[in-house]
Asker: 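This is the structure I have questions about; it appears just below.
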Amino acid sequence: QVQLVESGGGLAQAGDSLRLSCAASGRTFSNYAMGWFRQAPGKEREFVAVISQSGRSIYSTDSVKGRFTISRDNAKNTVYLQMNSLKPEDTAVYSCAAGPFAVPRSLEYAYWGQGTQVTVSS
């Protein structure tokens, strides 16, 4: 089992920055690719970004490229999502997830955090 706990969400204005953190415990963190997903009210869960076990491979969805950066610190068992130039359409519950492969498909991830709310006002 892997337990994941997100933090860092909150209220922001358009153009602001937030950094989300996801702390892992349980099994060896470095064995897992880590992804960030988000879900806005009334919408399906959406892939945001993923980072491979080593951190050498990173993928993100087009809508956040150039604004969001995913990173990880395997010594601290933590994955981060740095979010810059926030837009109102970024408003969602953001969840981190752990899985064996660095892919954008949520079904590939076995472990999920509870999520943290990010609200961006215009």
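When a residue number appears, it is its place in the shown sequence, counting from 1. It should be emphasised that the depicted structure is a prediction, and the values quoted were computed from it without experimental measurement.
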Asker: For Phe47, does the CZ atom have more than 12 heavy-atom neighbours from other residues, nucleotides or ligands under 6.0 Å away?
Answerer: yes
Asker: Could you tell me the separation between the CG atom of Leu11 and the CG atom of Leu86, rounded to the nearest 0.5 Å?
Answerer: 11.5 Å
Asker: Do Thr116 and Val93 touch side chain to side chain, with heavy atoms closer than 4.5 Å?
Answerer: no
Asker: Can a donor-acceptor pair be found, under 3.5 Å and without considering hydrogens, that links the side chain of Gln53 to the backbone of Ser30?
Answerer: no
Asker: Are any non-hydrogen side-chain atoms of Val118 and Thr91 less than 4.5 angstrom apart?
Answerer: no
Asker: Assess the residue pair Arg38 and Val64 against the criterion (side chain to side chain contact (heavy atoms under 4.5 Å, CB included)); give the C-alpha distance rounded to whole Å, side-chain angles, the decisive distance to 0.1 Å, and a yes or no.
Answerer: CA-CA 12 Å; Arg38 65 186 180 185; Val64 307; 4.1 Å; yes
Asker: In chain order, what residues pass the salt bridge (charged side-chain N to carboxylate O under 4.0 Å, His left out) check against Glu89, with sequence neighbours excluded?
Answerer: none
Asker: Determine, step by step, whether Val103 and Val50 satisfy the side chain to side chain contact (heavy atoms under 4.5 Å, CB included) criterion, reporting the C-alpha distance in whole Å, the side-chain angles of both residues, the deciding distance to 0.1 Å, and the verdict.
Answerer: CA-CA 7 Å; Val103 294; Val50 64; over 6 Å; no
Asker: With distance as the sole criterion, is a donor-acceptor pair present between the side chains of Ser17 and Asn84 under 3.5 Å?
Answerer: yes
Asker: Keeping Ser95 on the side-chain end and Phe37 on the backbone end, is there a donor-acceptor pair under 3.5 Å?
Answerer: no
Asker: Judged by atom type as modelled, is there a donor-acceptor pair below 3.5 Å linking the side chain of Ser52 to the main-chain atoms of Ser57?
Answerer: yes
Asker: Is any side-chain heavy atom of Tyr109 closer than 4.5 Å to one of Met34?
Answerer: no
Asker: Same cluster for Leu20 and Val5 if Ile/Leu/Val/Met/Phe/Trp/Tyr side chains link at under 4.5 Å?
Answerer: no
Asker: Side chains of Arg45 and Trp112: closer than 4.5 Å at any heavy-atom pair?
Answerer: yes
Asker: For the side chain of Arg27 and the backbone of Val2, is there at least one donor-acceptor N/O pair under 3.5 Å apart?
Answerer: no
Asker: Are there more than 12 heavy atoms of other residues, nucleotides or ligands under 6.0 Å from atom CD of Gln114?
Answerer: yes
Asker: Is the side chain of Glu6 donor-acceptor paired with the backbone N or O of Cys96 at a distance under 3.5 Å, no angle test?
Answerer: yes
Asker: Between Ser60 and Ala49, is there a donor-acceptor pair closer than 3.5 Å when you use the side chain of the first and the backbone of the second?
Answerer: no
Asker: Are Tyr59 and Tyr32 grouped together when hydrophobic residues (ILVMFWY) are joined by side-chain heavy atoms under 4.5 angstrom apart?
Answerer: no
Asker: Is it possible for you to check whether Arg72 lies under 6.0 Å from the centre of the six-membered ring of Phe29, through NZ or CZ, and within 45° of that ring's axis?
Answerer: yes
Asker: Is the shortest heavy-atom distance from the side chain of Phe68 to the side chain of Thr61 under 4.5 Å?
Answerer: no
Asker: Could you check whether Arg19 makes a cation-pi contact with Tyr80, meaning its NZ or CZ is under 6.0 Å from the centre of the six-membered ring and within 45° of the ring axis?
Answerer: yes
Asker: Taking the side chain as C-beta and beyond, is there a heavy-atom pair between Asp16 and Val120 under 4.5 Å?
Answerer: no
Asker: Indicate yes or no: does Lys87 engage Asp90 in a salt bridge with an N to O separation below 4.0 Å.
Answerer: no
